[in-house]
Amino acid sequence: QVQLVESGGGLVQAGDSLRLSCAASGRTFSSYTMGWFRQAPGEEREFVATITRSVARAYTTYYTDSVKGRFTVSRDDAGNTVYLQMNSLKPEDTAVYYCAATVTISSNYVTKKNAYDYWGQGTQVTVSS
């Protein structure tokens with residue numbers, strides 16, 4: 001069992017920055033691709049960003065179009081933590097943000113919520129105008 005705990009959410013104004021963290025335990029963190037998803041009230045959970053597990057000592061990142069150039073996903077395998085740096089926040093970024101883990105590295109699956117096996121409890125991000 002992999003357990004994930006998100007933190008770092010809060011209430012900010014449009015244009016501000018926020019850094020989310022996801023701490024993992026229970027398995028070998030470096031063997032998992034780590035994704036970030038978000039869900040606004042009344043909406044489906046949607047993909048935000050992901051960073052694969054290391055292959056040939058390299059990672060691959062993916063982002064949904066609406067956050068490209070503003071958000072950056074990174075990981076610290078030694079510290080069992082994945083991060084989501086969010087800059088230039090917009091009101092439409094308001095949602096509960098979840099981190100998730102999967103073993104796949106395939107581009108056909110890492111952006112799909114159904115591919116992820118483990119989920120955190122979520123952290124609220126609210127961006128006011």
Side-chain angles (χ1 to χ4, degrees):
Q1 184 76 25
V2 175
Q3 297 189 358
L4 307 172
V5 180
E6 303 95 335
S7 62
L11 174 62
V12 298
Q13 296 182 9
D16 285 352
S17 296
L18 207 57
R19 189 192 194 197
L20 305 184
S21 299
C22 176
S25 63
R27 294 287 188 181
T28 302
F29 177 77
S30 61
S31 67
Y32 288 90
T33 288
M34 301 297 299
W36 287 97
F37 294 77
R38 65 188 181 187
Q39 187 168 21
E43 303 291 334
E44 295 184 18
R45 191 168 300 185
E46 67 173 354
F47 168 75
V48 178
T50 191
I51 182 166
T52 66
R53 61 178 172 86
S54 178
V55 178
R57 297 189 289 185
Y59 305 106
T60 302
T61 58
Y62 302 83
Y63 299 92
T64 192
D65 287 344
S66 64
V67 308
K68 287 180 180 177
R70 300 189 297 122
F71 290 10
T72 302
V73 64
S74 61
R75 65 191 296 160
D76 175 8
D77 286 344
N80 289 4
T81 305
V82 62
Y83 303 97
L84 185 66
Q85 178 67 46
M86 305 186 294
N87 298 328
S88 301
L89 282 162
K90 303 175 180 180
E92 48 263 48
D93 295 318
T94 295
V96 176
Y97 283 71
Y98 299 88
C99 68
T102 180
V103 299
T104 189
I105 61 169
S106 172
S107 62
N108 294 324
Y109 297 102
V110 296
T111 64
K112 311 299 183 182
K113 58 180 180 292
N114 290 344
Y116 288 79
D117 302 303
Y118 306 101
W119 295 83
Q121 84 290 343
T123 186
Q124 177 71 49
V125 173
T126 302
V127 185
S128 66
S129 60

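Counting begins at 1 with the first residue of the sequence.
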Listed partners of Asn114 passing side-chain hydrogen bond (donor to acceptor under 3.5 Å, both in side chains), at least two apart | none
Could you tell me which residues satisfy side-chain hydrogen bond (donor to acceptor under 3.5 Å, both in side chains) with Gln39, sequence neighbours excluded, listed by chain and number?
-> Arg45
Side chain of Thr72, backbone of Gln85: donor and acceptor closer than 3.5 Å?
-> no
Is Tyr98 linked to Tyr118 within one hydrophobic cluster, defined over Ile, Leu, Val, Met, Phe, Trp and Tyr using a side-chain heavy-atom separation of less than 4.5 Å?
-> no
For residues 32-43, which residue pairs qualify under salt bridge (Lys or Arg N to Asp or Glu O under 4.0 Å), counting only residues two or more places apart or in two chains?
-> Arg38-Glu46, Arg38-Asp93
Nearest heavy-atom pair of Val127 and Lys90: which atoms, and what distance?
-> CB-O, 3.3 Å
Ring pair (Phe, Tyr, Trp, His ring centres under 6.0 Å): pairs with one or both residues in residues 40-87, sequence neighbours excluded | Phe37-Phe47
Tyr116 meets the side-chain hydrogen bond (donor to acceptor under 3.5 Å, both in side chains) criterion, sequence neighbours left out, with Thr50
Applying the 4.5 Å side-chain criterion to the ILVMFWY set and letting contacts propagate, would Val82 and Tyr32 be lumped into a single cluster?
-> yes
Within the side chain of Thr33, is there an N or O that forms a donor-acceptor pair under 3.5 Å with the backbone of Val103?
-> no
Separation between CH2 of Trp36 and CE of Met86, rounded to the nearest 0.5 Å = 8.0 Å
In terms of heavy-atom contacts, does OH of Tyr109 have more than 12 from other residues, nucleotides or ligands at under 6.0 Å?
-> no
Determine the minimum heavy-atom distance between Asn80 and Phe29, stating which atoms define it.
-> OD1-CB, 3.4 Å
Output every pair passing disulfide (SG to SG under 2.5 Å) with a member in residues 100-129, not counting sequence neighbours, ordered by first then second residue.
-> none
Determine all donor-acceptor pairs shorter than 3.5 Å in which one atom belongs to a side chain in residues 5-18; sequence neighbours excluded.
unit_1, atom_1, unit_2, atom_2, d
Glu6, OE1, Gln121, N, 2.9
Glu6, OE1, Gln121, NE2, 3.4
Glu6, OE1, Gly122, N, 2.8
Glu6, OE2, Cys99, N, 2.8
Glu6, OE2, Gly122, N, 3.3
Asp16, OD2, Gln13, N, 3.2
Ser17, OG, Asn87, OD1, 2.9

Mind checking the CZ-OG1 spacing from Arg53 to Thr104? Nearest 0.5 Å is all I need.
-> 7.5 Å
Between CE on residue Met34 and OG on residue Ser74, distance to nearest 0.5 Å = 11.5 Å
Can you list the steps and then say if Tyr97 with Leu84 is a side chain to side chain contact (heavy atoms under 4.5 Å, CB included)?
-> CA-CA 10 Å; Tyr97 283 71; Leu84 185 66; 4.2 Å; yes
Of all heavy-atom pairs between Leu4 and Ala101, which one has the smallest distance, and what is that distance?
-> CD1-N, 3.9 Å
Looking at residues at least two apart in the chain, or sitting in another chain, which of them share a salt bridge (Lys or Arg N to Asp or Glu O under 4.0 Å) with Asp77?
-> Arg75
The reported gap from OG1 in Thr61 to CD1 in Ile51 (rounded to nearest 0.5 angstrom) is 6.5 Å
Sequence neighbours left out, what passes side-chain hydrogen bond (donor to acceptor under 3.5 Å, both in side chains) with Thr126? Give chain and number order.
-> Gln124
